[in-house]
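Below: one structure, written as structure tokens.
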Amino acid sequence: MLQMRPLPSVVRFTKILGKVAKLKHYSAVISLYNQMGVSRIGHDVCTLTILINCYCHLNQMGLSLSVWGKFFKLGLEPNVFTFNTLINGFLLENRVVQAAGIFNKMIAGGNCQPNVVTYGTLVKGFCMKGNNRAAIQLLKKMEEGACKPDLVVYNTIIDSLCKDTLVDDALNLFSEMMCKGVAPNVITYTSLIHGVCKLGGWKEAIRLLNEMVSKNIYPNVRTFSVLVDTLCKEGMAVEAEGVVEMMIERDIQPDTVTYSSLMDCFCLRGETGKAKKIFGLMLSKGLMVNVVSYSTLINGYCKRKMMDEAMMLLREMSRKGLVPNTVTYNILVDGYCKVGKLGDAQKLFSEMQAYGQLPDVQTYAILLDGLCKN
DNA sequence: CTCGACCACG
């Protein structure tokens with residue numbers, strides 16, 4: 001497209017950026033944008049909004065704001081998408097004050113009023129802060145006002161309540177939502193199933209599964225992964241494997257998350273051999289193995305005090321371009337502490353910082369515990 | 001052509 005003459009319009013380029021962004025390849029979008037030779041092709045409100053959204057998802061709010069500045073330099077008017085994107089970006093980084101600032105700018109501006117996505121984003125922000133009460137308060141305001149909550153807003157709160165094991169509240173809200181004529185979808189049911197499973201409500205989970213299918217809403221890979229994970233955490237490895245087989249029979253392909261749950265299951269039972277086999281299966285199926293998959297397996301070896309194998313995996317993931325994170329290092333530091341190799345633990349503690357992975361409160365708790373017990 | 005909701009690791 002860059003070599004075509006005349007050059008395709010900015011809209012045609014932006015359509016592609018939008019598609020790539022939808023696939024969550026945010027860095028790719030930025031590099032494509034940079035290759036566009038922006039001055040010749042130009043950019044419009046959509047292009048810049050996509051770009052802001054990519055920086056938001058990469059936790060680069062500084063760069064998001066520099067794109068935001070371009071609007072004014074170019075005399076472009078940010079629209080409701082742009083405002084919503086920025087608010088979401090700040091909330092993702094827990095910067096509530098800045099998010100509120102953008103929200104106020106939006107209202108003050110006059111030509112761009114908050115919509116259901118704006119309020120839904122704020123609801124999510126409250127939920128992320130653990131403030132379900134405020135989220136529900138805002139929901140009530142929406143129900144009474146002109147901007148009625150939609151399925152996404154209800155799902156956000158239902159999921160948050162489930163995560164806080166307030167499943168009864170979630171089920172009540174679920175009924176309320178349906179009374180108001182908002183129909184649930186697979187996401188609603190997956191959150192609820194997750195919630196009841198966490199409380200050991202297997203019967204209730206089966207009831208919800210039957211109910212959703214009776215409404216022609218079908219469980220997907222995420223729904224099944226929740227079931228697999230719950231069975232695993234209950235130590236029911238055989239049953240978990242059974243669910244995975246059921247998925248394959250139904251032509252729902254287990255993904256990286258499904259298999260990582262299963263790996264964790266075997267790791268917790270000390271069956272690292274079986275876990276490693278699943279890891280190999282993932283690779284042979286061409287599934288992405290990511291930092292979490294590696295960390296899960298590393299955790300398995302650490303728990304069995306097999307530190308050499310764990311370290312080999314750490315080096316292997318780095319060779320593949322995967323960046324071990326704080327959780328990965330915490331697992332390993334804990335492993336070394338537990339086998340009494342405090343020197344190695346401290347070496348990793350330095351290494352993680354050298355690689356820009358900052359220790360968190362858990363890292364220090366692990367090290368303190370290790371030092372005290374030795 | 002642009003925004004918000006569901007699954008795995010310490």
Side-chain angles (χ1 to χ4, degrees), chain A residues 9-19 21-22 43-54 56-57 78-89 91-92 114-125 127 149-160 162-163 184-195 197 219-230 232-233 254-265 267-268 290-300 302-303 324-335 360-363 365-366:
Chain A
S9 68
V10 61
V11 173
R12 291 205 43 209
F13 280 99
T14 303
K15 276 186 181 178
I16 293 174
L17 294 188
K19 294 286 183 202
K22 277 246 171 344
H43 28 205
D44 62 12
V45 176
C46 294
T47 327
L48 295 183
T49 301
I50 293 170
L51 208 58
I52 289 180
N53 196 31
C54 290
C56 286
H57 284 283
N79 62 19
V80 65
F81 289 83
T82 322
F83 279 105
N84 290 346
T85 303
L86 260 185
I87 292 170
N88 183 47
L91 290 176
L92 287 177
N115 63 11
V116 65
V117 175
T118 320
Y119 290 116
T121 305
L122 296 178
V123 163
K124 175 78 190 296
C127 291
D150 64 4
L151 178 59
V152 174
V153 178
Y154 282 107
N155 280 350
T156 303
I157 300 179
I158 288 173
D159 186 63
S160 178
C162 286
K163 289 213 163 75
N185 66 3
V186 62
I187 295 179
T188 326
Y189 275 103
T190 301
S191 291
L192 287 170
I193 290 170
H194 200 178
C197 280
N220 61 19
V221 59
R222 290 186 181 221
T223 322
F224 280 112
S225 291
V226 165
L227 297 175
V228 170
D229 188 53
T230 308
C232 286
K233 292 203 165 40
D255 65 8
T256 302
V257 176
T258 324
Y259 283 120
S260 295
S261 285
L262 205 53
M263 269 200 325
D264 189 46
C265 188
C267 285
L268 295 176
N290 57 22
V291 175
V292 179
S293 338
Y294 267 104
S295 299
T296 305
L297 196 54
I298 288 173
N299 184 43
C302 285
K303 291 290 178 289
N325 59 24
T326 302
V327 176
T328 322
Y329 280 106
N330 285 353
I331 291 167
L332 283 155
V333 170
D334 186 56
D360 60 11
V361 63
Q362 299 214 50
T363 321
I366 290 164

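Because the structure is a prediction, the values reported are computed rather than measured. Order of the sequence lines fixes the chain letters, A, B, ..., with proteins taken first and strands second; residue numbering starts at 1 for each chain.
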Next on the checklist: I'd like to check the side-chain contact (heavy atoms from CB on, under 4.5 Å) partners of A/V186; sequence neighbours left out, ordered by chain and number.
Outcome noted: A/T190, A/M212, A/I217, A/N220, A/T223
Next on the checklist: Output the rounded distance in Å from CG (A/D255) to C1' (B/dC7).
Outcome noted: 7 Å
Checklist entry - When we call it a touch if two heavy atoms are under 4.0 Å apart, what does A/V327 touch: a base, just sugar-phosphate, or nothing? => result base
Item to check | Partners meeting side-chain hydrogen bond (donor to acceptor under 3.5 Å, both in side chains) with A/S260 (sequence neighbours left out) | outcome: none
Checklist entry - Under 4.0 angstrom, heavy atoms only, what part of the nucleic acid is A/S295 near: base, sugar-phosphate, or nothing? => result base
Next on the checklist: My understanding is that only residues two or more places apart in sequence, or in another chain, count here; which of them pass side-chain contact (heavy atoms from CB on, under 4.5 Å) with A/T121?
Outcome noted: A/I87, A/N88, A/L91, A/V117
Checklist entry - Just how far, in rounded Å, is P of B/dA8 from CD1 of A/I298? => result 19 Å
Checklist outcome for this item: A/L332 atom CG is separated from B/dC9 atom P, nearest whole Å, by 17 Å
Next on the checklist: Rounded to whole Å, please give me the gap between CG in A/D264 and P in B/dC7.
Outcome noted: 16 Å
Next on the checklist: Ignoring hydrogens and geometry beyond distance, is a side-chain donor-acceptor pair present between A/D264 and A/S261 at under 3.5 Å?
Outcome noted: no
Checklist entry - What one-letter contact string describes nucleotides 1-6 of chain B from 5' to 3', where B marks a base within less than 4.0 Å of any protein heavy atom, S marks contact via sugar-phosphate atoms alone, and - marks no contact? => result BBBBBB
Checklist entry - What is the distance, rounded to the nearest whole Å, between atom CG of A/N325 and atom P of B/dA8? => result 15 Å
Checklist outcome for this item: Hits for side-chain contact (heavy atoms from CB on, under 4.5 Å) against A/T326, two or more places apart or cross-chain, chain-then-number order -> A/N330, A/M352, A/Q357, A/D360, A/T363
Item to check | Whole-Å distance separating the CG atom of A/L192 from the C1' atom of B/dC7 | outcome: 15 Å
Checklist outcome for this item: Residues at least two apart in sequence or cross-chain that pass side-chain contact (heavy atoms from CB on, under 4.5 Å) with A/C46, listed by chain then number, are A/T14, A/D44
Item to check | A/F224 CZ - B/dC7 C1' separation (whole Å) | outcome: 13 Å
